[in-house]
Amino acid sequence: MVGATPPTIADLLSKSAAWLRDKGCTSPRLDAELLLAEVLGMSRVDLYVKFDQPLIPSEIDNYREFIRRRAEGEPVAYILGRAYFHNLEIKVNGSVLIPRPETEHLVEAAIEFLMEGDWPSPPEVLDLCTGSGAIAIAIVKGFPEADITASDASGEALTLAAENATLTGVTPRIRFIQSDLFEDIDPVATYDLIVANPPYISAEEWEALPRDVREFEPREALYGGTDGLDFYRLLAEQAPQQLKPYGGLVLETGSTQAAAVSEMLEATGHFKTVGVFQDYAGLDRVVVAQRR
Ligand code: GLN
């Protein structure tokens, strides 16, 4: 339009945030800022410094497209193609779960287990359901001597995980194997530590998940069967054979599942200790067991 004043950063942010709020987005202003900062190649702070800067048409078009995707429920991490986890930047796409802050507790518990051990040779760690590789990479960053095998049922996830290992400079420490839980893991291999954030959403919880999660994140990475515990049953049955004596098992669970998972592990008779740890919200989140 001839003579029309081009919109400024301030104009676009307030309009987009209002639009996203109308569409049911729970963090409209933050998301509008993250997406605009990306389009303009600046930080969020810069947006405020340059509040009155007008945008050129191509920037407006790119921003509109991002806001349209977000309004349809696509998570910001998928639109940007990256997420932050345990001080690491991790690439993500629709084939992997976006790493959650509560999963940092699983990483902390794993690193603590490794720190407390007295390892004559590099401890061997197996990360099942690795997805983006975030957990495996964060463990190596926290305990560089670890020798990690990371597996996932999804080849697409493994491709991304391997790329993340390269981007974070830990490729030599992690080997990737395509395997649905233990299915394609060498049956006689034993590990000092097995970690997993398996799919644990129950059928009932699935229906109640926010649209952004249910429609955009991979169902295979979330859904854990009718009661959400299918993967823990398999882990309780198979993990003991793949653990060395005194080996650790560190599992993330849903906030209401830790007691059931602990009982399952205790019932195997293979573990000498089983403990539950809480996340930042005070919810049960991580089960740590040690083999006899
Ligand atoms: N914490 C995730 C969620 O609630 C679920 C992760 C999982 O199933 N492992 O969306």
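Ligands are counted one by one from 1 in listed order, and the atoms in each one are counted from 1 as well. Please read these numbers as outputs of a predicted model, since none were measured by experiment.
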For ligand 1, list every N/O pair with the protein closer than 3.5 Å, one pair per line with the distance.
| residue | atom | partner | partner atom | Å |
| --- | --- | --- | --- | --- |
| ligand 1 | 1 (N) | Tyr200 | OH | 3.1 |
| ligand 1 | 8 (O) | Tyr200 | N | 3.0 |
| ligand 1 | 9 (N) | Asn197 | OD1 | 2.8 |
| ligand 1 | 9 (N) | Pro198 | O | 2.7 |
| ligand 1 | 10 (O) | Arg100 | NH2 | 2.9 |

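No side-chain heavy atom of Leu249 sits less than 4.5 Å from a side-chain heavy atom of Val288.
When only modelled atom types and interatomic distance are considered, Ser58 and Asp61 share no side-chain donor-acceptor pair under 3.5 Å. Checked by atom type, the side-chain pair Thr103/Glu252 shows a donor-acceptor distance below 3.5 Å.
Residue pairs that meet the ring-ring contact (aromatic ring centres under 6.0 Å, His included) test with at least one member in residues 65-105, sequence neighbours left out, are His105-Tyr280.
Closest heavy-atom contact between Arg70 and Leu20: CG-CD2, 3.8 Å.
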- Task: Could you check Thr8 against Asp11 for side-chain hydrogen bond (donor to acceptor under 3.5 Å, both in side chains), going step by step and ending with a plain yes or no?
- Result: CA-CA 5 Å; Thr8 63; Asp11 297 334; 3.2 Å; yes
